[in-house]
Structures are given as C-alpha cells and as structure tokens.
There are 2 protein chains.
Amino acid sequence: MSKGSGVKGTDETGPSRRQLLMGGLAAGAGLAAGGLAARSAAAGGEKLITEIQDWNRYLGPGVDEQPYGAPSAHESHVVRRNVAWLTADPKSSVNFTPLHELDGIITPNGLCFERHHGGIAEIAPADHRLMIHGLVETPLVFTMEDLRRFPRENHVYFLECAANSGMEWRGAQLNGCQYTHGMVHCVMYTGVRLQHLLEEAGLRTNARWLLAEGADASAMTRSIPLEKALDDCLVAFSMNGEALRPEQGYPLRLVVPGWEGNMWLKWLRRLEVGDQPWHQREETSKYTDLLADGTARRFTWQMDVKSVITSPSPQKPVTHGRGPLVVSGLAWSGGGRIARVDVSIDGGRNWRTARLDGPSFTKALHRFYLDLDWDGSELLLQSRAIDEHGFVQPTKNELRAVRGENSIYHNNGIQTWHVKADGTSENVEVS
Amino acid sequence: MSKGSGVKGTDETGPSRRQLLMGGLAAGAGLAAGGLAARSAAAGGEKLITEIQDWNRYLGPGVDEQPYGAPSAHESHVVRRNVAWLTADPKSSVNFTPLHELDGIITPNGLCFERHHGGIAEIAPADHRLMIHGLVETPLVFTMEDLRRFPRENHVYFLECAANSGMEWRGAQLNGCQYTHGMVHCVMYTGVRLQHLLEEAGLRTNARWLLAEGADASAMTRSIPLEKALDDCLVAFSMNGEALRPEQGYPLRLVVPGWEGNMWLKWLRRLEVGDQPWHQREETSKYTDLLADGTARRFTWQMDVKSVITSPSPQKPVTHGRGPLVVSGLAWSGGGRIARVDVSIDGGRNWRTARLDGPSFTKALHRFYLDLDWDGSELLLQSRAIDEHGFVQPTKNELRAVRGENSIYHNNGIQTWHVKADGTSENVEVS
C-alpha cells in the first residue's frame, strides 16, 4: 500500500534505536476512514526504514540562512505554468495557479496566477500616486503614505479571470485543473474602502460611473458602476499580510469582490468619476460574450457560481489502491457564500453532498471534500456548487444551449474528470 | 505632508497627458478620516509627478519569468531577522517575524519565524514515516500518502514560542516589535485530526499521555496530555495552501492549538502513547518557569492572552505630521477568541476600545486598529487584550509580582512604545 522506500544509512555497527523500536510494527496500516476497519499492509512487501536517516544524524541549516523562506526542493513542481501557444507574447499572457497541488482556501502569494497586458509594471512605491478626478468636488492625489492614514479593512476574496475555463466552451481541451480552472486565486487583502476615498473627494450629484486606470505599459482601463464602487470595493496594498506582489499590482490594486479579475485594476493610478461608462477596448472588443446570434452580452461583471475537483485530477493521479480516497475541490461564487457542493462519481446521474471545510467567507474560495471508499473501479467525477442565493452551477451543455460556443468568457460549467482504474485521469465531457 | 518625489522621465518633447490631467489638482489632499475635514497640501511644497513614468512607458516582464513569485525589490527590508548574540549557534537559535511590516492576520510562509534545536531537517517526503506505538492495540507506521487518505481539516491558528517577549522580564530591552514579539506567526493549516490516527491505532484503557518526537538532528521530544491530543490537535502537511516549509517541519508537523510552539513538533516522526509524562529535557530544564522562590512552574502549556501594537513602533516610525494616524496591532489568546482590545495613548491611564477587523478565529491572531487623530504630541502607546473567557492581559509589573524575574517564558505583559513628536518610538516601561 505504501510506496516510499527505506533510506539506507551508513552506520552498520549494529541495530539502531529505530530498528529496535520498529521491530514489531505493522507498516502502512493506518488506513481506515469513515468506519473502515484497519488493515495491515505488513504482508504487502512494505520496506521498513530500519536505520537512522541523514536528517536525524546531521545538523541542518540555521536561522540565518533564509531571511525570506522558500519551499522545499522536493516541491519544485508546484509552480505557476503558462502555455506558450496561447498568446503572441508572454508580456500579454497568462499563467495558471497549480490548484491540484494546493489545499485549504489561501493561495500562497508566489503561486497566484498572473495575467498581464503589457508585462509587470515594476513600480517604486515612493513615486506612485493615485489620482481621483472627474465629477468630484475636489480632485485629489494620494501618495501611498496618504492612503495608509485611512481606516483599513481585511477581507478574503477570490479573484477569477473572466476567461477562466474559456477553452472548454468547445469541448474538453486541457488536461489538468491548473489549466482548465487555474485563473483563480484567493488571498486576504488589506486596504481602504474605495468609498472613503470617493467621499473625501466629494461626489457630484450626477456621478454614476468610475474609470479605473493602471500605471502599467498597457494603461489598462475599465468602467465600474459607482454603486459597486461604493459597496464593497477596496484599494488594497497588502495580500496575505505582506505588500502586494509586483505581478499583482504592487503597490496598489483595486479589489472588486466577486467581479471578473480584469476589473481589479493593478498598479492603480487613476480613478475618474463620470456619468456614463467609457466603452474602452477591454470592455467592448474584449471581456464581452459573443452569442450564437452575433450579438454580445456586455457588462457581465459578476463571476457565476462554480466549482472544480482539484484532486484526483489529470495532474494529480491516484497513486494508491482501493479503499479510502480523499476527493478534494474548490467552490466559489461572485454572488456570496457557497451553501452546498454536490459530488458525483458517475458523471452526474447520482449526487452526494460534499463536506465543506474551513472558513466560509463571502466571495471567497470554499474548500470541499468527499471522503470516499473507492472500490477501484473507474469514476466520472463531477462537482456542482450551489450558492447562498440558490444559484446552481450548470452543465456545460446547459450553458451552450443559452450562450452558444462563440465566447471565451464566463464558463462556469460542471467539469468532469474520468478517473481510470489505474488512478490516472482525463478531462472528458459527458452528454 | 507627502514625502514622495516626482519621477523624472526622459521625454522632454512637450506636456504629457498626465501633465494636462494634473494641472489643477491639489496633491496629497486626501487625508480626512473619522470626520476630519479634507485639507489641501498643495501649499506644502508637494512635488507633482508631471511626466510619464518608466513603468508606464516600457513593457515589463512576462508571465514566463517567475514560476514561483517573490516580493518586490522595494520590500527587501521585510525579512526575518536573527540576533547573533542570543545563542551559541544559528543552528540552535531563533529568528523573528517582521510584525511591524505586516497587516491582516495571515503570515506569509516565507516570513514565519524559525526556532531550531539542531538546524532545519531537510526531509525527502517519500522517505518520511510517522510511527504510533506504546499503549495502543496496533502499532502503526504511516507514509505521507497514507496520511492523505484520512479526512482533512483546515484551521487558522497562531503559533507562539513560549520565550516570545522573554527578554522583557527584566525591563525594556529590544527596540522593535519584531524582536520583542516576533516569535509568533499565524497561518491556515491543512491536516488530519490526531484523534483519527490514535483511534486507528486503538488506545489502551491506561493511555494518558503522548510523546511526540521530531526527525531532526535534535530529535526534539515533548509530552502532551492525551486529552489535548484528542481535542483539537492536527497532524498537518500544508500551511497557507501549500506544503509546509522545511523550516516549519516539512513534510509533517504537529499542530497544538493555543499551546506553546515548542510542543508543535516539526518533522514529526513518532508518537508514543504512555500513562505518564516522560520528563524530557525540553520540558524540565527548558520550557519551565523558574519563580522567585526557586521553584519552577511546569507544564505551562497554554499561551496567555496577549497583544502588541505593530505600527507605530520602534521599527515603524510615523513619517507624517499630525492628523489621521492608523494605530495597528495584533492580539491573540491560547484560550480562544479575542473579545476586545483596548488602546491607551497615555501609558495606561485612559483606555479606548480598538476596532477589531477581519476574521475572528479561535486561537488565531486578531488584527485591531485605532484610527487616531494625532495632535503631534508624544504618546505612551499600549494595547491590552481581553479574551472570550474574560482573561485580561496584565501589566509587566503585575506579572513580576507573581512570577519574579527569573523566567524567560510566558511573558504576556502589556508593551509600551514611547512615540515622540518626531515620530520615532522607543521601547519603554511605565510604572
């Protein structure tokens, strides 16, 4: 049952303390979950570790060696990955969060997916400014220090690119949840309510919209309705406790909870208040949803209720035999909290309720598990999320019936992994 | 009011779009909080940024450059720091979390303080085992894969070294909350309830205690009462979503919520069940509290209710003038949730209630703020935490009256920063 092999030490002078201790033990036996009886794998050829391991014999590195720590060398496969053919240049491309290797709901800052339109703006924070102008009583310019003098708030939110799962509109394409669903991350933000800054400038009575602009080479812009800006938007300077990462907008980004990631302006430098939307490139030719009849859905800001099983999945095969198998996944909704997640092992014919675990925040990732007693046969694994407002994640075909297959955005369809008897999985569609 | 200076671009060909946009603006004016009127600093010599900045002119790095990201070069001062004179060797020493630079309640994995007794064990996870033996029906050995087949849970907990603030027993010593309080961190753990593993092995009726042992060069051991082990302890393999960091016990650590960090065995390899404590070195000569009369408090596991103001503080001076000042800090209790934090600006004579912000988890850090209108005069800043059971953080002198000054452990006394009119601070004591 266990696959690890023993480490060979170099001390051949006699039986070690560990040898003595482990003389009578059943190895790899600890495998009951959900009421299963314990089984001993002692007869299964398990190789006992009978000598002192090197890390127990020799002193390791001290506390002066890594002022800012890094993952173990054994975790070097846990990285963001990009797809070279996806765009003309990596400066206007995307990479993907390795969801299949993560657990819980917090994404480590170094693994949050990136999407740039002109590469990463590398900003000296002392030279950064945020300007608020337009339909305001007093146009204002803030330094970073100015912003840190306003009352702060902390919130955990997911950020999902509108194009996440976009390749799946025309059928199962990419083999792994990192690629199909990895344009999402979830961190704790610290920042100032946008409402406070707008009130400081004083909104004129005809103010209805906001244009947010980044300081990067693409000078990204998006129109945001003022109602949202005054509701729950933040101007954030920290993520997971520390300063924003450069690729996430250092030193300042707009946080637009539950709405598509493109609107969360990075390297935020300008907020213009107006009475109508600006119809910029990134909200007309891009980030609109072309329907089958040639018309386009516009201003589809909110990210719909969605989920995906992260393990097992094509990049995360089952490497053990039948018996206890932890099915793990993520669910989220731009509308609020997740109320329930269902999991099917037969392609959607039968469903059982998954166990939601860990904190439940509005507009954040939620972790779910199904603790399965796997009989070793093949599975058609699916998850289906339901949010607090009763919205249910649809099948891909239900989505296509309404929206056609022309779009790349806002695909929240149910994902299917075909888990085979050998533990490997494939991205498939069931009809 | 603002200290940033303009960036000089190289384009001298005429007024830029930004020059035009910013022609009529009051700079650095956005500074009202808590009902203060907006003030214009345009007369204060603020240098406007009037040319296009380099990061807006040139394409930046693409998505293929950093598979695992890192902080901005402008944040290179945000690091763990050790104190060379504290111990004989950095392999048996400690470094400190830069609390003064962090916000929210999540500590990024790369900044979690370290404490080692034989350096960092660098473990190959496939060769790691966890053994459970002693007063059990079936001794068991688990591989990492075995452990991942048990039901998982996610929890946010603080971890504090018993010696945190230990230098302060004999008076104000170290100038900065990184050094006085930086042996604490807070992350989201993913792991398996220890209870499940012990039930799998089957506890004998006379089982009362657990000995936990690490696989590092010091083979650290601690005795833990079974009642705690069966209550809320976890065997964790992830922190903040990814695998544990090597210096935090990769691939497996014991999580002992609310109890002193020394018991959270890193590189966990062995759990022995017994009927009494083992009285090992780290729970007799160390991690006991020598009192004034020469007797020692033993088994003082739980970390008491505590708080500290992280900004302003000696390492984080106020760099702006009078007016809105955000006082920010952390509070925690090994007994559960924080119910309230009070802040004093006059050395404990008068108190006002701070604003708790962000999620409140049991046995986790809590972030608090006091949004102050600073008149520019000097302050004696203190914070005092109260937990859900009504325990109140004592003054240092109240602690000394009961415990003397011989110990280095379990100092949860109220910390004072003397903030001067020029914005710098010092670690002081008030009587």
Side-chain angles (χ1 to χ4, degrees), chain A residues 2 4 7 25 27 29-30 32-33 55-56 59-64 67-69 72 75 79-80 82 90-91 93 95 102-104 106 108 110 114 118-121 123 126-127 139-143 146 149-151 154 188 190 200 215 217 238 240-243 245-246 250 324 357-358 371, chain B residues 2 4 7 25 27 29-30 33 55-56 59-64 67-69 72 75 79-80 82 90-91 93 95 102-104 106-108 110 114 118-121 123 126-127 139-143 146 149-151 154 188 190 200 215 217 238 240-243 245-246 250 324 357-358 371:
Chain A
S2 302
V7 165
L25 296 184
W55 44 80
N56 194 212
L59 292 171
V63 297
D64 55 344
Y68 196 101
S72 162
E75 300 294 317
V79 289
R80 302 185 285 216
N82 65 310
K91 294 176 187 300
S93 190
N95 62 21
L102 303 181
D103 217 317
I106 295 292
E114 304 171 63
I120 300 170
I123 293 181
D127 298 331
L140 296 172
V141 173
F142 301 90
T143 63
D146 293 337
R149 300 178 68 180
F150 282 83
N154 295 280
M188 180 176 287
T190 309
E200 186 74 13
S238 293
N240 288 338
E242 66 184 355
R245 292 294 176 83
Y250 178 84
D357 185 82
D371 301 302
Chain B
S2 302
V7 165
L25 295 184
W55 45 80
N56 193 212
L59 292 171
V63 298
D64 55 344
Y68 196 101
S72 162
E75 300 294 317
V79 289
R80 302 184 286 216
N82 66 311
K91 293 176 188 300
S93 191
N95 62 20
L102 303 181
D103 216 317
I106 295 292
T107 316
E114 303 172 62
I120 300 169
I123 294 182
D127 297 331
L140 297 172
V141 173
F142 300 91
T143 64
D146 293 338
R149 299 177 70 180
F150 282 83
N154 295 279
M188 180 177 287
T190 309
E200 186 74 12
S238 292
N240 287 339
E242 66 185 354
R245 292 294 176 85
Y250 179 83
D357 184 82
D371 301 303

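Note on naming: letters A, B, ... go to the chains in the order of the sequence lines (proteins, then strands), and numbering restarts at 1 for each one. Since we're looking at a predicted model, the values are computed, not measured. Heavy atoms only: backbone and side chains are in, while hydrogens, waters and symmetry mates are out.
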Chain B contacts, top residue of Asp357(A), Val79(A), Leu102(A), Asn82(A) (heavy-atom pairs, under 4.5 Å): Asp357(A)
Options Gly358(B), Ser238(B), Gly118(B), ranked by heavy-atom pairs under 4.5 Å with chain A, top entry: Gly118(B)
Value rounded to 0.5 Å, distance of CE in Met188(A) from CD1 in Ile106(B): 5.0 Å
Structural part of Thr190(A) lying under 4.5 Å from a heavy atom of chain B: side chain
Heavy-atom closest pair, residues Tyr68(B) and Arg80(A): C-NH2, 4.2 Å
Point-to-point distance, once rounded to the nearest 0.5 Å, from CZ of Phe150(B) to CG of Asp371(A): 11.0 Å
Greatest number of heavy atom pairs closer than 4.5 Å to chain A - which of Pro67(B), Gly62(B), Pro108(B): Pro67(B)
Residue selection (most heavy-atom pairs with chain B, distance under 4.5 Å) from Ala121(A), Ser93(A), Ala215(A), Pro246(A): Ala215(A)
Top of Pro90(A), Gly104(A), Ala243(A) for chain B proximity - count of heavy-atom pairs under 4.5 angstrom: Pro90(A)
Nearest non-hydrogen partners of Arg149(A) and Pro324(B), listed with the distance: NE-O, 2.7 Å
Residue among Asp64(A), Asn240(A), Asn95(A), Asp103(A) with most heavy-atom pairs under 4.5 Å to chain B: Asp103(A)
